Amino acid sequence: MAHTLTQAREWNATLKSARPELVALFVGGTSGIGRSTAIKLASSIARPTVYIVGRNETAGAQVVEEMKAANQNGSYSFIAADVSDLRNVDTVCQKLKSNIKALDLLFLSCGGFTFSKQETDAKIDVNHILRYYSRMRFIYNLLPSLEAAQSPRVVSILAGGKETKIQEDNLDLQKEFSLSTSNGYPATMTSLVFEVLASEHPSISFLHVFPGVVATPMMKKSMGSVVGSILSFLTIPISISMSKSGEWNTFLATSAEYPAKNASTGEYPGYYLLNYNGNDATNKALMEQLRKEGFPNTVWKHTLATFDRICA
Ligand SMILES: NC(=O)c1ccc[n+]([C@@H]2O[C@H](COP(=O)([O-])OP(=O)(O)OC[C@H]3O[C@@H](n4cnc5c(N)ncnc54)[C@H](OP(=O)(O)O)[C@@H]3O)[C@@H](O)[C@H]2O)c1
């Protein structure tokens, strides 16, 4: 259901008493949507424990300071890592697991926007890894920590509701790489796999969210300062500020409206394809077609095989 920002703010204001403790990991917490959500969440929870991951150590230290300033009763840590290498994802997860008993929230927003392919050693475009494989590897590794929490949630900030038709032989964007496939494939693969994971791990809820057009440094970082500045300027009329995006995402990350499949109050889908305001963005006809063609399991099997290829 679509919410107003006032409703989201009212919900967030209840968290100090309703959810006094929460352990969260933000992958992509050094900038933009991840950063603003980490800071908003830190200020909304009475005693938060927040880990953020990114490469930029200066930004990581700044976000830790900003969270401390927002709420001195929390525990905040930065883990520096380049997560475009899945083996680094494994190292981060090992570190995290040695420090926590349970993970309430895994918030994934690493990556950017790209017009051209840039392959890693794994022979997959770096942004495709960051927006899909790396995020799935975090989820896969941290399933036990999530399952140890009382009402755990995974939020992937990408393009829920913007799925496209896909082809089994192009899942790594080797056959066709374009603006359309590089955006459509990670979005579609995320939504399909969340359906599989929600049924295999019914105590965890999975949210794939389109955050709206958010005024973050992403455009400049991904397209260079001239084109990035022009695009950022042109999108001002439809943009959501980083701070408001943080408020929306704090709401989505904690709201009781998106329960896990086997939540005690009944039976739910357990995975949700949402707009920034919580509105259901599911393209039912397309998802049904992809389901009929067996894509949820095809994509998950391919993902596990890719993990084996890169991490074994
Ligand atoms: N902004 C929008 O309007 C919008 C709209 C739709 C979807 N999205 C999606 O939302 C996600 C977040 O966007 P944003 O606007 O918040 O972007 P952003 O401000 O550029 O933040 C991206 C985050 O990803 C991290 N990151 C990038 N490469 C990394 C790497 N190799 N290893 C570890 N961390 C890495 C960055 O940290 P470091 O630089 O410290 O590594 C940063 O924390 C993106 O996937 C984007 O496609 C954004």
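For clarity, every value in this text was computed on a predicted model and none was experimentally measured. Atoms within a ligand are numbered from 1 in the order they appear, just like the ligands themselves.
- Ion pairing between a basic and an acidic side chain is recognised when a charged N comes within 4.0 Å of a carboxylate O; D125 and K117 show no such pairing.
- Proximity of A81 to ligand 1, defined as any heavy-atom pair under 4.0 Å, is confined to the backbone N, CA, C and O atoms.
- For ligand 1, the polar-atom distance check against G28 finds a nitrogen or oxygen pair separated by under 3.5 Å.
- T190 and H208 are not linked by any side-chain donor-acceptor pair at a separation below 3.5 angstrom, with hydrogens and angles left out of the test.
- The residue from G54, G111, P217 that puts a heavy atom closest to atom 26 (N) of ligand 1 is G111.
- Remark: R309 CZ is packed, more than 12 non-hydrogen atoms of other residues, nucleotides or ligands lying under 6.0 Å away.
- Remark: ligand 1 and G112 share an N or O pair separated by less than 3.5 Å (distance only, no angle test).
- Nearest heavy-atom pair, P202 versus N262, reported as atom, atom and distance to 0.1 Å: O-OD1, 2.6 Å.
- Considering both main-chain and side-chain atoms, V213 never comes within under 3.5 Å of ligand 1 through any nitrogen or oxygen pair.
- The shortest N or O to N or O distance between V83 and ligand 1 is below 3.5 Å.
- On a distance-only criterion, G34 and ligand 1 share no N/O pair closer than 3.5 Å.
- On a distance-only criterion, V53 and ligand 1 share no N/O pair closer than 3.5 Å.
- The shell of residues lying under 4.0 angstrom from ligand 1, judged by heavy atoms, includes G212.
- Note that CG of N277 is 8.0 Å distant from CG of L252, once rounded to the nearest 0.5 Å.
- Checking E119 against Q174 by side-chain atom types alone, a donor-acceptor pair falls below 3.5 Å.
- Contact annotation: for M218 versus ligand 1, heavy atoms closer than 4.0 Å belong to both the backbone and the side chain.
- Ring-centre distance between F251 and H3: below the 6.0 Å cut-off.
- Nearest heavy-atom pair across L41 and A24 is CD2-CB, 3.9 Å.
- Ligand 1 has R135 within reach: a non-hydrogen atom of the residue lies less than 4.0 Å from it.
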